Amino acid sequence: MLAISRALRQRLVSAMEEGLDLAEPPDPQLTAASKPEFGDFQANGAMGLARQLQQAPRQIAQTIVDHLDLADLCEPPRIAGPGFINLTLKPEVIARAIAERVGDPRLGVAEAPVRQRVVVDFSSPNIAKEMHVGHLRSTIIGDCLARLLAFRGHDVLRLNHVGDWGTQFGMLITQLKQVAPQALDAADAVDLGDLVAFYRQAKQRFDEDETFRTQSREEVVKLQRGDPFSRRAWALLCSQSRQEFQRIYDRLGVGIEERGESFYNARLTGVVEALDSAGLLVTDDGARCVFPDGSSDKRKQGSALPPVIVQKRDGGFNYAATDLAAIRYRLAGADGGEGDAAERVIYVTDAGQASHFEAVFQVARRAGWITPGQSLEHVPFGLVQGADGRKLKTRAGDTVRLRDLLDQAVQRARADLERRLADEGRQEDEAFIAHVAETVGMAAVKYADLSQNRITDYQFSFDRMLALQGNTAPYLLYAYVRIQGIARRGGALTATAPDPIRLGAAEAFSLARQLLHFDEVLVELERELLPNRLCTYLFELSQTFNRFYDRVPVLKAEEPDRSSRLALCRLSADTLKLGLELLGIGTLDRM
RNA sequence: GCUCCCUUAGCUCAGCCGGAUAGAGCAACUGCCUUCUAAGCAGUCGGUCGUUGGUUCGAAUCCAACAGGGAGCGCCA
């Protein structure tokens, strides 16, 4: 519908220029109609011009309509309320637009006019720690955004900024040397669960034991100097964690390239030098930092941001230095030198890091690393909460491991399915049950997350996400399954659509109109990066389809209605499948 | 103390550049399986959009203040 909407807008602009005496180029404020009874589009531009033109808004609307030539696209425009211009597309225009989309692999969604190099930084678990629910949102949202951007034709680099460096390795290696030296010797001697336990012990000893503390610090220094034994131990730890992470990514169907913090080690001194020569660096209490807003004073009252500490008093670097090095590397390279040459860099992290990103982005800007045409965006998301409205925890009070959470979702999906099979007296083999349970479980977890507005906290509930009715993955999957059911019973979804497509039944016409909005939703998603908008669309599409399915016969209809309706079914299935795919969710033919 | 985010139906949430009578889902209640169809469809019930001001043709949406909830705030990430 974007093409049609652009054409309408252009004609409204012309009509306003012809009919009205305006100083500036007019904005017709063309949007989708707020209610179906208002038609397909509404133009709200007349009302805002009332004061400027010293005319009643309805009269302005009338003048616009008098100069408007839309006869080839729309029914005669209607003026309503205080001065809305309501536009209803002619059925044949909708039918033609549908015919163009059926069978098109992109379903009428154009590629972005300008292809960008985009870095999506997401997931980012820490080595020697389990992935937990906190990583879930970043992973799911980041994957979805990366898929969408790639579909729109952008060159997407998915980066996993794993926590693979820092003082914690000193503790961990020291602890393992003393308690489980075999872990540092051979691959697979310990699994991630053991590492987590060792990490916990190490942390405790670090806090209590002076000798251990000293040993750990020495170990960090050795590691940083590149001592072969320490490096090998470190590499082994990383590899153990990496295997575990990969199991989760494989299960979620998420592709991501690891480029951890250690990647930037060699570039940290360069960051300090660059900031220094840009005149941004101030030494304060022995630490080298950049103060916000160009102020070199200590934090003033009312200054929103604390200073960004780039190099600690002891000469060591911290995460801000690493993040700055990463920004610099990602934005550099357009000249053929080192770097990713990204034009858009997207960070999918929790909302609590907003001020950190605001600060480092500001430093990057003032350092001149961001050239025109490049942007850095923090894409924040809220906490995952339990049913009690507090941060999600196990009954014992521990953080919930991601693998356990996924297992439980699949297990519940399976129990649901088996109960249903028993109720309906259906027989299915184990492979079918396992596949459906896995698909539904993953879909439910992902969809529940993506369908919430990203920015607000999100209440996690297996019961709600696995519910068969409402705005849930199972509901959408079922709508898709129903279409596949038609296909199985003899409705060739691949047959060519008749020309013209007939949209006689009211439910068929509504479905057609809804299908045409897909491209607008994706373009908006690319700009706003809010996956819940796509979820809402797919849910409403499923509802509209179910209404159609309930009331309009397809296979039993006479030609040419039969093949017209089959074409609608096909486009509905393809739209649901592609939409879900962009969310990272797989479909089923039967469930 | 300072900064940011949030507050919409009993519950979970949408609400796009300010636009028409504020929308879903769940829960509750009422109907609909001789049909390609019930993991579905139709309907009923449910609102001080946290409060008070302001901006304007028009505010859930923008601004200010206040209340409540959450997060962050110099050498952890």
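Note that this is a predicted model, so its numbers are computed, not measured. Quick note on labels: first sequence line is chain A, next is B, and so on, each numbered from 1.
For A/A80, counting side-chain heavy atoms from C-beta on, the closest listed nucleotide (B/A20, B/G70, B/U12) is B/A20.
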Would you list the atom pairs, donor with acceptor, under 3.5 Å between side chains in residues 483-492 of chain A and any protein atom, with sequence neighbours excluded?
residue: A/Q484; atom: NE2; partner: A/Y480; partner atom: OH; Å: 3.4
residue: A/R488; atom: NH1; partner: A/D589; partner atom: O; Å: 3.2

I'd like a table of donor-acceptor pairs (distance under 3.5 Å, sequence neighbours excluded) in which one partner is a side-chain atom from residues 25-37 of chain A, with atom names and distances.
residue: A/D27; atom: OD1; partner: A/R9; partner atom: NH1; Å: 3.1
residue: A/D27; atom: OD1; partner: A/Q29; partner atom: N; Å: 2.9
residue: A/S34; atom: OG; partner: A/Q42; partner atom: OE1; Å: 3.4

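For B/C17, the glycosidic angle deviates from 0 by 90° or less, giving a syn base. In B/C66 the base sits anti relative to the sugar, since the glycosidic angle is further than 90° from 0.
Every residue meeting the ring-ring contact (aromatic ring centres under 6.0 Å, His included) condition with A/F518, not counting sequence neighbours, appears here in chain and number order: A/Y537.
Contact of A/N86 with B/A20 (side chain to base): a donor-acceptor pair of N or O atoms is detected under 3.5 Å.
Taking atom CG on A/N318 and atom C1' on B/A77, their separation rounds to 9 Å, with Å as the unit.
Look at A/N453 and you'll find a side-chain N or O under 4.0 angstrom from OP1 or OP2 of B/G15. Taking side-chain N and O atoms only, A/K391 has no distance below 4.0 Å to OP1 or OP2 of B/A71.
Within a 6.0 Å sphere centred on CD of A/E558, other residues, nucleotides and ligands contribute 12 heavy atoms or fewer.
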Please produce a list of atom pairs where a protein N or O lies less than 3.5 Å from an N or O of nucleotides 40-44 of chain B.
residue: B/G40; atom: OP1; partner: A/L468; partner atom: O; Å: 2.7
residue: B/G40; atom: OP2; partner: A/Q469; partner atom: NE2; Å: 3.3
residue: B/G40; atom: O3'; partner: A/N546; partner atom: ND2; Å: 3.4
residue: B/G40; atom: O2'; partner: A/R482; partner atom: NH1; Å: 2.7
residue: B/G40; atom: O2'; partner: A/R482; partner atom: NH2; Å: 3.2
residue: B/C41; atom: OP1; partner: A/Y475; partner atom: OH; Å: 2.5
residue: B/C41; atom: O2'; partner: A/D550; partner atom: OD2; Å: 2.7
residue: B/A42; atom: OP1; partner: A/R547; partner atom: NE; Å: 2.4

Check nucleotides 54-58 of chain B against the protein and report each pair of N or O atoms closer than 3.5 Å, with its distance, or say if there are none.
residue: B/C57; atom: OP1; partner: A/R51; partner atom: NE; Å: 3.3
residue: B/C57; atom: OP1; partner: A/R51; partner atom: NH2; Å: 3.4
residue: B/C57; atom: OP2; partner: A/R51; partner atom: NH2; Å: 2.5

Taking N or O atoms only and anything under 3.5 Å, show me the protein contacts with nucleotides 5-9 of chain B, one pair per line.
none

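Among the heavy atoms of the strands lying under 4.0 Å from A/E524 is at least one base atom, whether or not backbone atoms are also near. At the heavy-atom level, A/Q168 lies nowhere under 4.0 Å from the strands shown.
An aromatic stacking contact between A/F539 and the base of B/A24 is absent, as defined here by ring centres under 5.5 Å apart and ring planes under 30° from parallel.
Residues A/N532 and A/L30 both approach RNA chain B. Their nearest nucleotides, taken by heavy-atom distance, put A/N532 toward the 5′ side.
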